Amino acid sequence: MKVKEIINKLAETTCAEREELIFLLKNITPGERELLRAAAQSAARQSFGNKIYIRGLIELTNICKNDCYYCGIRRSNAKAVRYRLSREQILSCCKTGYSLGFRTFVLQGGEDGFYNDDLMCEIVREIKATYPECAVTLSLGERGEESFRRLKEAGADRYLLRHETADEAHYALLHPPEMSLKNRKESLFALKKLGYQTGAGFMVGSPGQTFETLAEDLMFLKELEPQMCGIGPFIPHCDTPFADKPAGGLELTLTLLSVIRLMHPKILLPSTTALGTISPRGREEGILHGANVVMPNLSPAEHRKDYSLYDNKICTGDEAAECIRCLSNRMKNIGYEIVTERGDYK
Ligand code: SAM
Ligand code: FES
């Protein structure tokens, strides 16, 4: 089968065999890449028109009990300057965000036991009581089914938990032995069952990744059918075991965004900050390849630089208002428009 035929099959049926996905990723030519891009952009346009949803990202804490080898806030990084946002600081971020037009708040952080269920439920309840028309997305790692259930009852709408890689051996290469792909997958299925709009995802170009493991990621996404998917290039952080590993590539990340869009026409697919970090026009390219979401940072400016997952992260010095203006212009320049609706999965 030729790459072009696989692209057509994806566009028409949203499905492909594992071997076909591997073949496409391995052999796609620049001309075929443009074909794929155009098909993905057109699929996104069909689902969302020229609308781009925005999510206000609030980075709660960079304290983490985990030790993922790729991540700058891993517990073994003694150089990280640690912080936690108070309930008041979080609410103040939401207040700023709301006045800037955000109707989704994403509370993301390391796995930090300080934010236990009582505290997190209280925070979620307070945000939902103050801004009933807003969605709350959590991205707080693996907390267990009971915790997910309590947070859902408190009003959380969505949960982002990237699976990172769907290949067992690759997962073990990226994480210490106490972490398991089995738990990750079980968490994701539990989140879906509880009624969360659930987000999976992975880094592109992480050490040990192959076209075969990427095909496994795509097959897993098809099995889970998440409502959201976060993908962005791996970027090394200087104080991690992967400091000397090369970053993931722009082209491959864009190809995968397009493939994911064709396989999941309605999925909420962000053009990530990591993509904007490896290339100045990365986020615009992400949108032109089928993404439909951007996530400007709402975290307090004084802590931005400390939520350092990878080196040279962009927007760490900008105020939220500046970020949204900048992104708004970037989207306008490519014919898209940032909208203030909640942007739920339909
Ligand atoms: N603790 C939560 C979790 O594990 O889902 C949320 C925070 S975690 C830092 C958010 C995401 O950052 C991870 O899922 C991972 O894919 C991404 N990330 C971490 N280190 C990265 C790196 N060096 N390059 C690119 N992305 C990275
Ligand atoms: Fe943050 Fe451009 S999006 S400054």
Side-chain angles (χ1 to χ4, degrees), residues 55 57-77 80 82-85 106-115 120 137-144 147-148 151 158-166 170-171 173-176 178-181 183-185 187-188 191 196 198-209 217 226 228-250 252-253 256 270-279 282 295 297 299 303-304 306-314:
R55 320 299 195 195
L57 182 63
I58 303 173
E59 295 156 336
L60 293 196
T61 170
N62 69 352
I63 296 174
C64 192
K65 71 171 166 56
N66 287 338
D67 220 14
C68 310
Y69 302 141
Y70 46 83
C71 185
I73 62 169
R74 63 200 300 267
R75 69 161 187 265
S76 295
N77 180 10
R82 306 287 174 173
Y83 74 89
R84 280 181 181 131
L85 299 189
V106 181
L107 310 186
Q108 186 180 81
E111 290 197 20
D112 179 357
F114 175 81
Y115 297 88
M120 268 329 293
T137 304
L138 300 176
S139 177
L140 302 168
E142 293 172 29
R143 297 176 67 96
S147 173
F148 293 151
L151 291 164
R158 310 183 188 134
Y159 205 105
L160 297 175
L161 182 71
R162 289 184 176 184
H163 63 280
E164 313 296 0
T165 172
H170 187 212
Y171 194 93
L173 220 124
L174 300 178
H175 302 96
E178 66 270 18
M179 292 179 73
S180 83
L181 177 60
N183 283 350
R184 232 342 93 149
K185 286 186 170 178
S187 299
L188 283 162
L191 288 163
Y196 281 96
T198 302
F202 55 92
M203 292 175 291
V204 178
S206 60
Q209 187 173 70
D217 289 321
M228 311 178 281
C229 178
I231 73 162
F234 159 76
I235 304 174
H237 185 290
C238 58
D239 300 315
T240 63
F242 291 162
D244 298 327
K245 303 288 183 193
L250 176 68
L252 182 58
T253 309
L256 283 155
S271 190
T272 55
T273 307
L275 196 52
T277 299
I278 60 161
S279 167
M295 297 173 67
N297 202 320
S299 309
H303 294 302
R304 295 270 183 96
D306 298 326
Y307 197 81
S308 167
L309 310 180
Y310 47 80
D311 292 336
N312 306 315
K313 187 174 161 202
I314 53 168

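Predicted model, so just to flag it, every value in this text is computed and none were measured. Just follow the structure's listing: the first ligand is 1, and inside any ligand the first atom is 1.
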- Does the side chain of M179 come within less than 4.5 Å of R184's, by heavy atoms? yes
- For ligand 1, indicate whether the residue S139 contacts it via side chain, backbone, both or neither (heavy-atom separation under 4.0 Å). both
- Message: Is there a polar contact, in the sense of an N or O pair closer than 3.5 Å, between Y310 and ligand 1?
- Response: no
- Task: Enumerate the residue pairs fulfilling salt bridge (charged side-chain N to carboxylate O under 4.0 Å, His left out) with a member in residues 57-66, sequence neighbours excluded, ordered by first and then second residue.
- Result: E59-K313, K65-E111
- Atoms in ligand 1 flagged as close to Q108, the criterion being non-hydrogen separation under 4.0 Å: 6 (C), 7 (C), 10 (C)
- If you scan protein heavy atoms around atom 22 (C) of ligand 1, the nearest is I235 O, 3.4 Å
- When you measure from the side chain of N297 to the backbone N and O of S299, does any donor-acceptor pair fall under 3.5 Å? yes
- Query: With respect to atom 12 (O) of ligand 1, which of T272, N62, L309, V204 exhibits the smallest heavy-atom separation?
  - Reply: L309
- Message: Show me which atoms of ligand 1 lie under 4.0 Å from any heavy atom of R162.
- Response: 14 (O), 15 (C), 16 (O), 17 (C)
- R162 (side chain) donor-acceptor with G230 (main chain) under 3.5 angstrom: yes
- Can L309 and I73 be said to form a side-chain contact (heavy atoms from CB on, under 4.5 Å), step by step? CA-CA 6 Å; L309 310 180; I73 62 169; 3.9 Å; yes
- Task: Report yes if the distance between the aromatic ring centroids of H303 and Y307 is under 6.0 Å, otherwise no.
- Result: no
- Query: Under 4.0 Å from ligand 1, counting heavy atoms only, is it the side chain of E164, its backbone, both or neither?
  - Reply: side chain
- F148: partners by ring pair (Phe, Tyr, Trp, His ring centres under 6.0 Å), with sequence neighbours left out: Y159
- Got an N/O contact under 3.5 Å between Y70 and ligand 1? yes
- More than 12 heavy atoms of other residues, nucleotides or ligands under 6.0 Å from NZ of K185: is that the case? yes
- Does some non-hydrogen atom of H237 fall short of 4.0 Å from ligand 1? no
- Side chains of I314 and T273: closer than 4.5 Å at any heavy-atom pair? yes
- May I have the step-by-step check of side-chain contact (heavy atoms from CB on, under 4.5 Å) for M295 and V106, ending in yes or no? CA-CA 9 Å; M295 297 173 67; V106 181; 3.9 Å; yes
- Heavy-atom distance to atom 6 (C) of ligand 1: which of G110, G141, G109 wins? G109
- Query: What's the shortest distance from atom 5 (O) of ligand 1 to any protein heavy atom, and which residue and atom give it?
  - Reply: L161 CD1, 3.8 Å
- To the nearest 0.5 Å, how far apart are CZ in F242 and OH in Y70? 9.0 Å
- Query: Which heavy atom of the protein is the closest neighbour of atom 25 (C) of ligand 1, given with residue, atom name and distance?
  - Reply: P233 O, 3.4 Å
- Message: Quick check on Y69 - does any of its heavy atoms sit under 4.0 Å from an atom of ligand 1?
- Response: no
- Shortest protein contact, atom 8 (S) of ligand 1 (heavy atom only): Y307 OH, 4.6 Å
- Query: For R84, which of N62, D112, T61 qualifies under side-chain hydrogen bond (donor to acceptor under 3.5 Å, both in side chains)?
  - Reply: D112
- Note on the structure: Note: C64, heavy atoms under 4.0 Å from ligand 1, region reported as neither
- Would you confirm whether any non-hydrogen atom of the protein falls under 4.0 Å from atom 20 (N) of ligand 1? yes
- Quick one: look up the protein heavy atom nearest atom 4 (O) of ligand 1 and list residue, atom name and how far away it is. R184 NH2, 3.9 Å
- Run the contact test for S206 against ligand 1 with a 4.0 Å cut-off on heavy atoms, strictly below, and give the result. no
- Message: Does ligand 1 come near enough to L140 that some N or O of the ligand is less than 3.5 Å from an N or O of the residue?
- Response: no
- Item | Protein residue, atom and distance nearest to atom 26 (N) of ligand 1, heavy-atom basis | M203 SD, 3.5 Å
